[in-house]
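Here's the structure we're looking at; comments come further down.
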Number of protein chains: 2
Amino acid sequence: MARKRRATMQDIAKAAGVSRTTVSFVLNEIADANIPENTRQRVLQVARDLDYTPNAIALNLARGKAMTVGLIVRQTAEQMSIDAFIGQVILGVMHVVEAEGYHLLIHAVDPTASGTQTYVELVRTRKVDGLLISSPLASDPEIKMLHDEGTPIVVHGAADLADVPSVDVDNVQGAYAAVKHRVDLGQRRIGHITNAPFNYTSSRDRCNGYRQALKDSGIAYDTSLVYEGAFTDDSGAAPMRALLDLPDPPTAVFIGSDMVALGAVGAIHARGLHIPNDISVIGFDDLTFSQYLQPPLTTIHLPPYDLGRLGGETLLSIISGTSPDAQRLLLPTEIRVRGTTAAYSK
Amino acid sequence: MARKRRATMQDIAKAAGVSRTTVSFVLNEIADANIPENTRQRVLQVARDLDYTPNAIALNLARGKAMTVGLIVRQTAEQMSIDAFIGQVILGVMHVVEAEGYHLLIHAVDPTASGTQTYVELVRTRKVDGLLISSPLASDPEIKMLHDEGTPIVVHGAADLADVPSVDVDNVQGAYAAVKHRVDLGQRRIGHITNAPFNYTSSRDRCNGYRQALKDSGIAYDTSLVYEGAFTDDSGAAPMRALLDLPDPPTAVFIGSDMVALGAVGAIHARGLHIPNDISVIGFDDLTFSQYLQPPLTTIHLPPYDLGRLGGETLLSIISGTSPDAQRLLLPTEIRVRGTTAAYSK
DNA sequence: TTCGCCAACTAACGCGCGTTACTAACATTT
DNA sequence: AAATGTTAGTAACGCGCGTTAGTTGGCGAA
């Protein structure tokens with residue numbers, strides 16, 4: 001039961017009666033090392049007998065690469081559970097990364113923490129070869145610093161960091177489509193509850209899409225119609241009540257997240273109002289449950305798996321030195337029109 | 001922009017005019033190495049000037065520990081997104097693990113893959129010091145093998161592996177409570193749709209709780225009332241339709257997962273039936289959206305964060321050699337009675 | 001015969017660090 | 001004055017592996 005000491009190259013060398021160098025040459029299939037076939041076979045056989053597996057850490061030290069990339073999620077406990085597609089993102093990253101022989105290290109940072117971010121340590125200690133940063137703040141000095149130091153780094157959405165490679169969904173376009181969908185049906189008083197505080201890029205981008213759609217429709221931007229949500233279902237309730245309490249409440253609300261929309265919808269129902277007759281609702285993210293709500297939630301669909309996959313691919317290409325053509329990727333979104341936005345008839 | 005070579009201990013030694021050994025002693029605060037205060041300060045100052053950070057890989061090699069634990073998730077793309085609380089579990093593990101200076105490596109295995117599981121490589125290569133295995137199959141030969149080899153390992157639910165440490169929610173008790181809740185209101189014809197195929201321990205345990213509750217109530221177990229779900233919302237629809245098509249359909253369904261329940265509820269509504277008047281529904285997991293469904297879903301609440309946290313704690317205590325008292329932990333669940341199970345009145 | 005060449009290896013260094021010996025200089029005791 | 005510490009270090013080995021620069025013995029060609 002005691003932890004067995006695993007065989008090393010040295011053990012193989014001794015057992016096969018050759019030098020460790022020869023073992024290394026055989027196992028790594030070095031072409032221009034003239035190893036005769038029978039020596040080769042003998043070494044391989046001994047390796048098999050000893051159940052040899054190379055020590056990854058030693059290998060990493062020798063090569064100077066950790067063969068590991070870090071995925072940084074900036075989320076509190078609530079957000080993590082909430083952000084239902086974080087699992088999809090993780091899976092997307094994992095698949096491409098492991099296909100190239102890399103491993104995936106996950107590290108959460110407390111968004112409320114100040115001072116040097118802990119993920120800087122990950123790259124300083126060479127524990128990871130590169131970083132994929134999920135849901136970054138709009139201005140994150142460490143990201144810029146690491147990038148300037150030459151650390152391979154890719155962020156999921158970062159408008160402020162012009163030269164840092166990024167892969168993101170087209171939040172602006174998605175939000176634009178959501179709002180335009182309402183305006184085109186004649187609604188002009190449209191509220192907005194964000195998915196997150198404004199220092200998150202996704203939140204800002206979605207709000208910008210909202211504003212742009214209003215502008216293009218000749219509707220003035222009214223700050224009294226905009227409230228901040230913060231990831232969770234609960235965070236949508238109070239803003240929604242505030243909107244309903246307005247002297248002239250909106251006839252539609254665009255909510256930057258399906259999860260936040262849950263709380264908002266709950267608040268609307270609690271007032272005894274009817275969706276979509278009294279007010280229509282549009283979400284964002286197209287989480288699995290959205291189509292099962294009563295009425296089913298109109299929302300903006302996005303591809304979380306691809307977000308992870310493309311982020312991983314971009315990061316790997318940077319690590320390998322073959323810098324990608326497109327340093328900034330924007331994935332398209334798609335509106336899913338459902339029951340919460342029936343034709344406007346007031 | 002070129003990747004800076006980071007300073008090593010050797011660099012500090014040269015700059016401070018001492019040997020590398022002395023640097024090591026100072027930085028590691030070795031007590032019985034008599035380093036005079038001014039030498040100590042000089043070394044520390046140089047280290048700061050050179051922005052020294054120890055190389056984690058070299059350190060790991062020297063110490064013979066990876067300072068990393070692996071979290072294995074056995075899930076396909078669909079399941080990963082679906083299993084909304086995987087994020088919570090990850091976060092729980094991460095918090096305890098990082099508090100002890102460890103890092104978290106995540107690795108997904110394809111549940112349909114055969115042959116030696118890829119996670120075996122993780123421990124053979126010494127890339128991780130221990131493994132936390134989420135949602136294991138009922139009988140997983142590699143787990144037993146690794147454990148017998150002395151690998152620190154903890155599983156989230158594994159009835160068949162008697163001597164492998166585990167941390168799990170009390171699925172049997174949860175399911176029992178769910179079913180008893182119905183029986184006590186007079187219902188006797190209760191269907192069951194599992195959360196996953198029967199080779200998953202959680203699925204089997206929940207079904208066992210269902211059967212036990214029936215038995216204790218003098219109700220015969222009827223296999224025609226039991227169907228297999230498989231993680232996703234979609235997987236709940238067909239089984240539900242089959243139940244409704246029975247000559248004598250059940251008056252209640254216990255579904256092993258809220259996600260699967262989504263599809264089932266959809267199927268019930270599609271038939272124009274009313275919940276809970278025509279049929280009552282009970283889920284499992286208490287996912288965030290469940291309370292927002294119409295009617296709100298009665299379900300079994302469980303603590304995903306604690307699942308991760310306690311799993312991590314147990315694993316770390318095994319790694320550190322202080323084997324835990326309780327090798328098998330069962331976390332309690334709690335029923336949340338909501339609208340899908342109104343009082344039975346037929 | 002002798003020189004060069006090639007096959008078949010191996011010695012030795014480096015990756016960055018922990019750790020155990022061991023040493024040289026100086027101070028204290030007997 | 002000699003023996004015994006004590007202080008302030010350092011040399012050297014080990015962790016497991018990649019990799020370069022050799023080394024040896026045999027053989028064909030000049």
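Model, not experiment: these values are computed from the prediction. Just the heavy atoms: all of them, side chains too, but no hydrogens, waters or symmetry mates, feed the values below. Residue numbering restarts at 1 for every chain, and letters A, B, ... go by the order of the sequence lines.
Every pair passing salt bridge (charged side-chain N to carboxylate O under 4.0 Å, His left out) that includes a residue from residues 10-28 of chain B is listed here, sequence neighbours excluded: B:R5-B:D11. The salt bridge (charged side-chain N to carboxylate O under 4.0 Å, His left out) analysis of residues 28-42 of chain A, with sequence neighbours excluded, yields the pairs A:E37-A:R40.
Nucleic acid contact class of B:T8 (heavy atoms, under 4.0 Å, all strands): sugar-phosphate only. No engagement by B:N60 is indicated, since no non-hydrogen atom pair under 4.0 Å with the nucleic acid exists. Residue contacts for B:N55: at a heavy-atom cut-off of 4.0 Å it reaches the sugar-phosphate backbone alone, with no base atom in range.
Two residues, B:L61 and A:N38, neighbour DNA chain C, and the one matched to the more 5' nucleotide by heavy-atom proximity is A:N38. Taking for each of A:F25 and A:Q10 the nucleotide of DNA chain D with the nearest heavy atom, the 5'-most of the two is the partner of A:Q10. Residue B:P36 is the one, among A:S24 and B:P36, whose nearest nucleotide of DNA chain D lies closer to the 5' end (criterion: closest heavy atom).
Looking at B:R328 and B:D168, no side-chain N of the basic residue comes within less than 4.0 Å of a carboxylate O on the acidic one, giving no salt bridge.
Residue A:N34 contributes atom CG, which lies 5 Å from atom P of C:dA7 at whole-angstrom precision. Residue A:I35 contributes atom CD1, which lies 11 Å from atom C1' of C:dT10 at whole-angstrom precision.
The shortest side-chain heavy-atom distance between B:T68 and B:V128 falls under the 4.5 Å cut-off.
Remark: side-chain polar atoms of B:T8 are paired, donor with acceptor, to backbone N or O of B:Q10 under 3.5 angstrom.
Chain A approaches DNA chain D over the interval D:dG16 to D:dT20, counting the first and last nucleotide 5' to 3' with an atom under 4.0 Å from its heavy atoms.
Remark: A:T39 is in phosphate contact with C:dC9, judged by side-chain N or O atoms under 4.0 Å from OP1 or OP2.
Pairing each heavy atom of A:V46 with each of A:A16, the nearest pair is CG2-CB, 4.0 Å.
Distance from the side chain of A:R20 is smallest for C:dA12 among the nucleotides C:dT19, C:dA12, C:dC9.
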